[in-house]
Protein chains: 2
Amino acid sequence: MSNAAVSEHQPIPRMKSEDRRELILEAATGVFGQYGYYGATTDQIARAAGVSQPYVVRMFGTKERLFIEVIERALVFILRSFRAVLAEGDQDLRARLGSAYVELLRQRGLLLSLMHSFVLGGDPVIGPRARQGFLEVYAFLRDEAGFGPDDANRFLEGGMLLNTLVGLRMSDEFETSDAANEMLCAALPQKLDLLLELGKSQQADA
Amino acid sequence: MSNAAVSEHQPIPRMKSEDRRELILEAATGVFGQYGYYGATTDQIARAAGVSQPYVVRMFGTKERLFIEVIERALVFILRSFRAVLAEGDQDLRARLGSAYVELLRQRGLLLSLMHSFVLGGDPVIGPRARQGFLEVYAFLRDEAGFGPDDANRFLEGGMLLNTLVGLRMSDEFETSDAANEMLCAALPQKLDLLLELGKSQQADA
DNA sequence: GTAATAGGTAATTGAATGATTACATGCTGA
DNA sequence: TCAGCATGTAATCATTCAATTACCTATTAC
């Protein structure tokens with residue numbers, strides 16, 4: 001064995017808390033997306049972010065506040081992504097917004113964390129934020145994208161089915177069930193490849 | 001105070017376990033629908049059913065098995081309700097099935113328990129059951145109701161948005177938010193009254 | 001250089017919760 | 001009528017988990 005510099009006490013570098021915050025939010029988005037608000041633990045999130053459990057709690061105060069930050073951040077991502085689409089012109093807007101929505105699946109857990117918040121609308125803290133977030137998206141579609149009530153509704157319907165199919169991991173059945181195959185093809189006219197690809201990579205994780 | 005018959009030891013009547021089972025499943029459907037699989041506790045369910053917590057666990061073995069039974073029972077309700085619609089003729093089938101689906105909201109927590117199972121598709125036990133249930137509904141639409149892939153998809157899209165709006169308790173904002181008002185009107189062409197009515201009664205519960 | 005501050009963790013705690021055990025009592029058939 | 005089974009509960013256990021405390025060490029400002 002080399003004896004050089006073995007016990008040299010080299011300092012462990014530290015990150016700016018703002019960066020660490022972002023890492024934790026990203027990890028939390030993934031874990032909340034998979035297990036939901038109650039099912040996810042601060043310890044799982046901490047490990048996914050590579051920090052200790054107390055650090056997570058200290059940085060966000062409570063698990064509840066962390067979850068709120070996760071869904072508010074998710075909403076910012078969605079609206080930013082939608083506005084970018086809008087800035088590129090208004091041809092085929094519906095399809096391009098849909099496409100942008102599907103692309104958000106790349107941010108692991110983002111749409112699913114939101115979905116979990118949507119089904120907890122009865123919660124006194126989470127509920128109001130979740131409703132507000134949903135209504136912000138609706139307001140975007142109506143006021144910025146120029147959709148009428150029916151088009152906005154159609155768009156949201158498609159989004160919620162997509163979220164559900166992703167939550168269900170329906171892509172797992174793509175090859176084993178004809179019905180699943182057909183349903184996924186109908187639900188994702190384009191972008192099916194993206195869903196399948198992400199499905200495989202997350203199987204590898206687990 | 002009257003002294004008559006005070007300590008008369010009158011027996012506490014007992015229920016057949018099959019009936020009790022049904023009571024518990026109904027209570028569990030409501031509690032799981034509100035809090036989700038992880039958020040609901042066996043104690044809450046027991047209290048809602050008017051029995052002790054150990055009784056719930058003993059009857060179903062584990063909380064997980066209880067949840068599985070809840071979602072399988074929910075699916076039976078849905079398909080029974082859909083088949084009843086089918087038996088009444090095939091005019092306006094889409095609208096009548098949609099109407100029957102909304103009526104299922106009367107069974108408190110039924111659609112929401114399912115929705116919670118859908119977003120836990122990554123769970124090794126819940127996931128497969130949830131996917132199977134969803135695919136059964138799809139198979140009904142295609143094979144029994146005679147929908148094509150696109151119509152079936154449209155139907156499911158509408159269903160998932162309805163589930164989401166119910167989970168969000170969006171009806172709470174019906175009077176306070178123009179956007180919510182408009183969205184709900186677009187999403188539930190008929191049957192809006194039912195949603196609002198149920199929303200009020202469940203506010204009274206809480 | 002050296003306080004002071006910021007970025008972190010190990011150890012622990014207190015409450016919640018699913019599950020188990022032991023026990024009590026109503027019901028039913030021979 | 002009474003033995004055996006079914007219906008049910010009180011008490012408790014073992015675990016998990018969010019939160020707290022106490023402490024350590026980079027980094028930074030002066």
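Remember, it's a predicted structure, so these values are computed and weren't measured experimentally. Each chain gets a letter, A, B and so on, in the order its sequence line appears, and its residues count up from 1.
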Participant: Do E72(A) and R65(A) meet the salt-bridge criterion of a basic N to acidic O distance under 4.0 Å?
Facilitator: no
Participant: Any base atoms under 4.0 Å from T41(B), or only sugar-phosphate, or nothing? Heavy atoms, all strands.
Facilitator: sugar-phosphate
Participant: For DNA chain C, whose closest nucleotide is more 5', that of T62(B) or that of I12(B)?
Facilitator: T62(B)
Participant: Would you please confirm or rule out a distance under 4.0 Å between OP1 or OP2 of dT9(C) and any side-chain N or O of Y55(A)?
Facilitator: no
Participant: For the residue pair L165(A) and M183(A), establish whether any side-chain heavy-atom pair is separated by less than 4.5 Å.
Facilitator: yes
Participant: Indicate whether OP1 or OP2 belonging to dG7(C) is found under 4.0 Å from a side-chain N or O atom of S17(A).
Facilitator: yes
Participant: If you find the nucleotide of DNA chain D closest to Y37(A) and the one closest to R58(A), which residue's nucleotide is nearer the 5' end?
Facilitator: Y37(A)
Participant: Do the charged groups of E26(A) and R108(A) touch, with an N to O distance under 4.0 Å?
Facilitator: no
Participant: Give one of base, sugar-phosphate or nothing for A40(A), where a contact means two heavy atoms less than 4.0 Å apart.
Facilitator: sugar-phosphate
Participant: Just to confirm, is there a sub-4.0 Å distance from OP1 or OP2 of dG8(C) to any side-chain nitrogen or oxygen of R20(A)?
Facilitator: yes
Participant: Quickly work out the D19(B) CG to dG8(D) P distance and round it to whole Å.
Facilitator: 9 Å
Participant: Can you tell me how far C1' of dT16(D) sits from CD of Q44(A), to the nearest Å?
Facilitator: 12 Å
Participant: In whole angstrom, give the distance that lies between atom CG of L23(B) and atom C1' of dT7(D).
Facilitator: 14 Å
Participant: Would you mind reading off the distance between F32(B) atom CZ and dT17(C) atom C1', rounded to a whole angstrom?
Facilitator: 13 Å
Participant: Can you tell me the distance, in whole Å, between the CE atom of M59(A) and the C1' atom of dA19(D)?
Facilitator: 16 Å
Participant: For the pair made of NZ in K16(A) and P in dT27(D), what is the distance, rounded to whole Å?
Facilitator: 9 Å
Participant: Please determine, for the side chain of R14(B), which listed nucleotide (dT20(D), dT21(C), dT25(C)) has the closest atom?
Facilitator: dT25(C)
Participant: Looking only at side-chain N and O atoms, does T42(B) come under 4.0 Å of OP1 or OP2 in dT17(C)?
Facilitator: no
Participant: Taking CZ from F67(B) and P from dA19(C), how many angstroms apart are they, rounded to a whole number?
Facilitator: 14 Å
Participant: Salt bridge check, E103(A) against R106(A): does any charged N sit closer than 4.0 Å to a carboxylate O?
Facilitator: yes
Participant: Less than 6.0 angstrom from the centroid, inside 45 degrees of the normal: does R131(B) satisfy that with respect to the ring of F134(B)?
Facilitator: no
Participant: Please report, rounded to the nearest Å, how far the P atom of dG8(C) is from the CD atom of Q53(A).
Facilitator: 16 Å
Participant: Please tell me which of the listed nucleotides, dT9(D), dA19(C), dA19(D), lies nearest to the side chain of K63(A)?
Facilitator: dA19(D)
